[in-house]
Amino acid sequence: MLELLTILADGEIHSGAEIGEKLGITRAGVWKRIQKLPGYCGCGIESISGQGYRLKSRLELLDEHELRSLVAPGLKLLVLQEVDSTNEHAKRLLKQGAKLDIVVAEMQTRGKGRRGREWCSPYGSNLYLSYIWPVTDGMRQLEGLSLAVGLAVFRALEELGVSRLGLKWPNDVLVGNKKIAGVLLELVGDLSDQSHVVIGIGINVNMQESSSRIGQPWTSLGETLGGFVSRHKLLARLLHHLGEILQLLKTSGFMCLREEWQRRHLWQGEMVTLSSATCSIAGRVAGINERGELGLETNEGLSYFAAGEMSLRMGSDS
Ligand code: BTN
């Protein structure tokens, strides 16, 4: 599959004969692989009668050399072709005592979303990143972290020109009502001793089709901006904003980001239902506090809720 993708990556038309010759397979074999391609890379493919095949959008494979030039000197970057999950991989390495800062992959075979969901991770078309953040100030350093990371993603996408962008508590990034990016934080180690947060970020970049069912409306940067988007450029802007926001969070706390976060919150003042595995509560969104907890005005008055495994839905039906 990878060889086939490398041939088609330029977005030009390639004949079945040419592909077959390069891969050492028959034209029928080429056709079989072509049919599996959308599920593998999330790209549409056109079959042009009498000429050959062409990807609907060109594909830019991650260039390790270029990525290194985008990362601040001293940061240790790992670029993988295929991995179960960049977060899982980072956690394994941290447990072995490895020093690393950033893991990116072309593809995840078991990409993880929040609340045990799958994160659709086809080859070469999206950004899958884990950023490792050492915890030096205990619990205090984690307050508002998940919301702050969502804000960093927001800022990066806004800079690329995405409009109708908004946040949904705790850290979904949406375009209109369609999800474009998600954040999954995982703690490794003991807060009283040495620990790290693995900040997992997934951004739909050029994905056009998904092989697995995505249980909510989604979009990609390519669709929103109307063309191909470079993952290298996106990563550079994301790392810039992430670095800036994490530094601010560490020195001044979440309070200094709270107002900006609330301005970006799409569901501010709306009737919502907040649910966990065991209960759900309906109320009106009253904003967030200095720890990033969500305020809900319910029949019993104002209560604040920590993100944890909670999820938010529009409307008051439970
Ligand atoms: C969500 O459910 O919104 C969170 C999605 C997080 C996906 C990213 S992709 C990189 C990292 N590795 C994973 O397995 N998940 C996160």
Side-chain angles (χ1 to χ4, degrees), residues 41-42 62 67 77-95 100-133 145-154 156-157 165-175 177-188 196-207 210-221 231 234-235 238-239 242 264-267 274-277 292 294 307-314:
C41 71
L62 293 177
L67 287 178
L77 168 75
L78 195 59
V79 183
L80 303 168
Q81 284 300 309
E82 183 180 314
V83 70
D84 51 353
S85 144
T86 55
N87 270 27
E88 283 302 317
H89 196 72
K91 287 197 297 178
R92 280 192 295 268
L93 291 177
L94 286 170
K95 281 178 193 154
L100 81 160
D101 301 289
I102 298 167
V103 182
V104 287
E106 284 285 20
M107 169 182 197
Q108 301 184 116
T109 52
R110 294 173 72 99
K112 301 190 303 177
R114 290 183 67 236
R115 308 182 84 215
R117 275 183 258 183
E118 178 195 353
W119 186 258
C120 183
S121 311
Y123 189 91
S125 49
N126 294 331
L127 191 67
Y128 318 114
L129 162 89
S130 293
Y131 189 94
I132 290 88
W133 201 42
L145 173 62
S146 113
L147 282 77
V149 173
L151 192 57
V153 177
F154 180 103
L157 301 191
L165 204 53
L167 295 169
K168 186 188 122 188
W169 185 87
N171 51 28
D172 283 351
V173 185
L174 308 184
V175 173
N177 66 347
K178 295 180 178 176
K179 184 153 165 170
I180 194 161
V183 174
L184 176 69
L185 302 188
E186 297 188 80
L187 187 66
V188 186
H196 296 86
V197 185
V198 176
I199 301 174
I201 302 176
I203 304 180
N204 298 335
V205 186
N206 295 308
M207 179 164 74
S210 84
S211 52
S212 52
R213 216 185 69 78
I214 301 182
Q216 58 190 317
W218 63 274
T219 188
S220 65
L221 280 173
R231 290 181 296 163
L234 169 64
L235 189 78
L238 180 62
L239 291 177
L242 198 56
R264 312 304 197 189
H265 195 205
L266 288 170
W267 292 5
L274 187 63
S275 36
S276 70
L294 183 78
E309 283 301 285
M310 315 258 346
S311 79
L312 201 57
R313 271 186 298 128
M314 186 69 100

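Keep in mind the model is a prediction, meaning the values are calculated, not measured. In listed order, ligands and their atoms are each counted from 1. When a residue number appears, it is its place in the shown sequence, counting from 1.
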Quiz item: Is there at least one pair of N or O atoms, one from R110 and one from ligand 1, spaced under 3.5 Å apart?
Solution: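 Looking only at distances, the answer is no, because the N/O contact criterion of under 3.5 Å is not met.
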
Quiz item: Going by distance only, is there an N or O of R114 that falls short of 3.5 Å from an N or O of ligand 1?
Solution: yes

Please could you name the atoms of ligand 1 that [X] approaches to less than 4.0 Å, counting only its heavy atoms?
X	result
G202	7 (C), 8 (C), 9 (S)
G113	1 (C), 2 (O), 4 (C), 5 (C)
G111	14 (O)
D172	3 (O)
V183	3 (O), 4 (C)

Looking only at non-hydrogen atoms, find the nearest pair between [X] and [Y] and report the distance.
X	Y	result
S121	Q108	OG-NE2, 3.0 Å
N177	P217	O-CB, 4.1 Å
V83	A105	CG1-CB, 3.7 Å

Practice problem: Check whether any side-chain heavy atom of L94 sits under 4.5 Å from a side-chain heavy atom of L100, and report yes or no. | Solution: yes

Quiz item: Within a strict 4.5 Å, meaning less than it, do heavy atoms of the R231 and V104 side chains meet?
Solution: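 R231 does not reach V104 side chain to side chain.
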
Quiz item: Are K179 and ligand 1 in contact, using a heavy-atom cut-off of under 4.0 Å?
Solution: yes

Quiz item: Should we say atom CZ of R92 is surrounded by more than 12 heavy atoms from elsewhere, each under 6.0 Å from it?
Solution: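 It does: R92 CZ has more than 12 such atoms within range.
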
Quiz item: Does NZ belonging to K178 count more than 12 external heavy atoms closer than 6.0 Å?
Solution: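 At most 12 heavy atoms, drawn from other residues, nucleotides or ligands, come within 6.0 Å of this atom.
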
Tell me, which protein residue and heavy-atom name are nearest [atom], and how many Å apart are they?
atom	result
atom 15 (N) of ligand 1	K112 O, 2.7 Å
atom 10 (C) of ligand 1	T86 OG1, 3.2 Å
atom 5 (C) of ligand 1	W119 CE3, 3.4 Å
atom 13 (C) of ligand 1	Q108 OE1, 3.4 Å

Quiz item: Distance from I180 atom CD1 to T219 atom OG1, nearest 0.5 Å?
Solution: 5.5 Å

Quiz prompt | Donor + acceptor pair across side chains of Q81, Y123 (<3.5 Å) | solution =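 A pair is found: one side chain offers a donor N or O, the other an acceptor, under 3.5 Å apart.
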
Quiz item: Taking heavy atoms and a distance under 4.0 Å, where does N171 meet ligand 1: side chain, backbone, both or neither?
Solution: neither

